[in-house]
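Proteins get letters first, then strands, A, B, ... in listed order; numbering begins at 1 in each.
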There are 2 protein chains.
Amino acid sequence: MSTDPVSRYRRFSRAVTSEVGALDHSFLGRGRPLGTARVLNAIGHGRCEVAAIRDYLRLDSGLLSRLLRSLEAEGLITTAPDPQDARARIATLTEAGAAEFRAYEEISDQRATEALARHPRPEALLAAMDLVASALGRDRITFDEVDPRSEAARYCLGEYYAELARRFDTGFDVSLSRDPEATDMIAPRGSFLLAMSDGLPIGCVGLKGQGGPLAEIKRLWIAPSARGLGLSRRLMSEIEARARALRITTLRLDTNSALPEAVALYRNSGWREIDRFNDDPYPDHFFEKNL
Amino acid sequence: MSTDPVSRYRRFSRAVTSEVGALDHSFLGRGRPLGTARVLNAIGHGRCEVAAIRDYLRLDSGLLSRLLRSLEAEGLITTAPDPQDARARIATLTEAGAAEFRAYEEISDQRATEALARHPRPEALLAAMDLVASALGRDRITFDEVDPRSEAARYCLGEYYAELARRFDTGFDVSLSRDPEATDMIAPRGSFLLAMSDGLPIGCVGLKGQGGPLAEIKRLWIAPSARGLGLSRRLMSEIEARARALRITTLRLDTNSALPEAVALYRNSGWREIDRFNDDPYPDHFFEKNL
DNA sequence: GTGATTACCTGACTTATGTCAGCCATCATG
DNA sequence: CATGATGGCTGACATAAGTCAGGTAATCAC
C-alpha cells in the first residue's frame, strides 16, 4: 500500500512537481524562454557575478554567456568587468531589466497568494511548508552575526517571548526579566547569532558580555519548523566559538524546567548546574561552562 | 522581511524546486531524454491510452506520437489499436520496458530513501509532507467505496482506533465496542467510503445497515494531515447520498465529547441530539438525522 | 618577464522540445 | 453510404537547451 515512508515521500514529490511545473509555465507568459528568465531572476536576486549565476543555475559557461548576451540585446542588463578581477564580469539590471524582474516577482507572488487563498487553513499549511523547507535546506543553513535590534532578530525574539508565555504556567512578561541591553550582545562585549535558512530566520542565540571574562548565554530559540535538526547544538557551539574569540573564559545561563529540551541540551553538552546567580523571577535552573 | 506568508510560500517553492530538478536530472542518467522517460513512466503507472498520456503530461499530439515511436524503436513498448475504438491506441510495456520502468522507479525510491535518511526526524517531515500534498492535491481527492476489510480501509481503521486510544482518558479497546460486522458496511446493507488523495487514504466513514430503513454512521476519521480541508463534511454528505440510494431514511450515530470537532460537525449539519440508543461503553453523545 | 591558470566569450555543432498543417482510418449519425 | 467529427500519425519547421573545442585577456606563481 502507499502508506510507507517512501510512498509518502514520493506522493509529496508528485504533488509539488505539478506546482513547480505550473509556475515555470506561467513564467513563459512573458515571451522569453525559461532559461533566460531564470538568469534574469538570479541577477535580480543579487547574484551579479557571472560565475555565481553559472554556479547557482548549473549552466554551461557557453550557454550562460549566450543567455546573458540575449538579455543584453533586450536591454535588460548590462555587463562590466569586475573591478577586483578584470577577467570576471558583473551583470547589473538596467531600468527596464528591474521592471521586468519585478514582473516575474509579481507572477510568483500572485501564484503564492492564490495558492494560500485556496487553502482554508493557511497557517497550518505554511507551518508544514516551513518544516519541509528547513529540512530540505538543512545543509544551507548559515549563522549570521547581527544586531539584536535588527528586524530579523526582533522577529526571533518576539517568537521566543511568545513561546515562553505559552509554556510558562505564569505566562511571561519580558519587562519582569533582566532584558539584556542590546549593546551587551554586540561585539566587542557580546554577540547575537541568527540561524538563517534561505532568507528565513529559524533560530537565534545571544551572548551577553560586560567586557570581562564572564558572559551569559541568552535567548536560545529554534523555530518550531526547524526543531529536531540539531540546530540548537550547532548554534550553541557557534556562539561559544564567538565567546572564545572575545576572550571570554566562563559562560553562564539560566533556564526553566518548563523547557526540558533546553535543560537536557545543557546537561549533555558540557554545562554543569550551579546555584542561582540572579533574582530573575522566571528561571529555576542555572548552568556554567568553562571555555 | 521574509516572514510574511507569501515569502514563506516562495521559500518552500524554491526548496522543492531544487529537489524536483535534482530528481529530473538523475532520470537523465539512463541515457534517455526526460520527455521520453516521463512517457515511459506514465505507461508504467497504468496510463495506457495515448489520449490519457497526452492529457496527463500535457503534450502535443504530434510530439507524443514521436516519443511513443522512439520508445517503440527501443523495444520498450508496443502499441495496438484499442479494441473498443480502433481509432485510439493503447500502449503496453514490453518485458524490457517493464524492466526499464522498474529502474526509474528504483531511482525515485532510492532518492526518497536517501532524503528521509538524511533527516533526523523523518516522521515529522513526512507528516508535514502529507499535509502539504493533501492541501495541494485537494481538488483531486476522490471518494471510493471499498470493502472495509481491504488493506487501505484497515489502515484507516487502525489509525482511527489509535487516535481514540490517545484521546479518550480511559484509552480505547475496540473489542469492548460494538464493532460492526464488515458485511453490514457493504452494499446492499451499508457502505464504506475512503477519501483518497493520489493513492494515500486520508479519511474514511462507514454506513452500517441491517437491510431496513434505519442505519448507523460509524468510523468517521480524517488523517491529521488532511484536517481543516472540509473533508469530513464532504465524506458525510457522500455517505448520506449512498444511504439514500440504499433507501435508508433514518441515520443514527454515537460519538464522544472527547472529539469536540465531531460533535460540532454533527450539530451544525442537520443532526439532532437524541437519547442513548445503545450500551456501548465509549460514546456519550447520540445523534439522529432524517434523510 | 614567462608560462600556467582562470574567467569568460564565440563558433559550430547536436539534441530536445514544441508547433502546425495536412493525412488517413475509424466512428457516429442520419 | 455520405458527412462530419475524432484520434492519432507524419512531415516540415522553429526554437530552446546543451556540449565542446578553441580563443582572448587578465591574473598568478615564480
Q: Under 4.0 Å between any heavy atoms, over every strand shown, what does A:D85 touch: base, sugar-phosphate, or nothing? Just pick one.
A: sugar-phosphate
Atom-to-atom span, [atom1] of [X] to [atom2] of [N] - whole angstrom:
X     : N      : atom1 : atom2 : result
B:R89 : D:dC9  : CZ    : C1'   : 9 Å
B:D82 : D:dC9  : CG    : C1'   : 17 Å
B:E49 : D:dG7  : CD    : C1'   : 13 Å
A:R87 : D:dA26 : CZ    : C1'   : 6 Å

Q: Output the distance between atom CG (B:D198) and atom CG (B:L136), rounded to the nearest 0.5 Å.
A: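 Here the interatomic distance stands at 11.0 Å.
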Q | Spacing of B:S225 atom OG and A:F12 atom CZ [to the nearest 0.5 Å] | A | 12.5 Å
Q: Output yes when B:R102 and B:D109 qualify as a salt bridge under the 4.0 Å nitrogen-oxygen rule, no when they do not.
A: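 Result for this pair is no, no salt bridge flagged.
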Q | A:R54/A:E49 ion pair, N-O < 4.0 Å | A | no
Q) What are the two closest heavy atoms between B:L125 and A:L131, and how far apart are they? A)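 Closest approach of B:L125 to A:L131: CA-CD2, 3.8 Å.
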Q: Please report the shortest heavy-atom distance between A:H45 and B:R10, naming the atom on each side.
A: NE2-NH2, 4.2 Å
Q | Over 12 foreign heavy atoms within 6.0 Å of CZ, B:R30 | A | yes
Q) For A:E114, does the CD atom have more than 12 heavy-atom neighbours from other residues, nucleotides or ligands under 6.0 Å away? A)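 Yes.
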**Q.** Strand contacts (DNA chain C) in residues 16-40 of chain A, 4.0 angstrom heavy-atom criterion
**A.**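 The stretch gives none, as no residue of it lies under 4.0 Å from the strand.
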Q: Could you identify which residues of residues 53-73 of chain A place a heavy atom less than 4.0 Å from some atom of DNA chain C, listed by residue number, or say none?
A: A:R54, A:S61, A:G62, A:S65, A:R66, A:R69
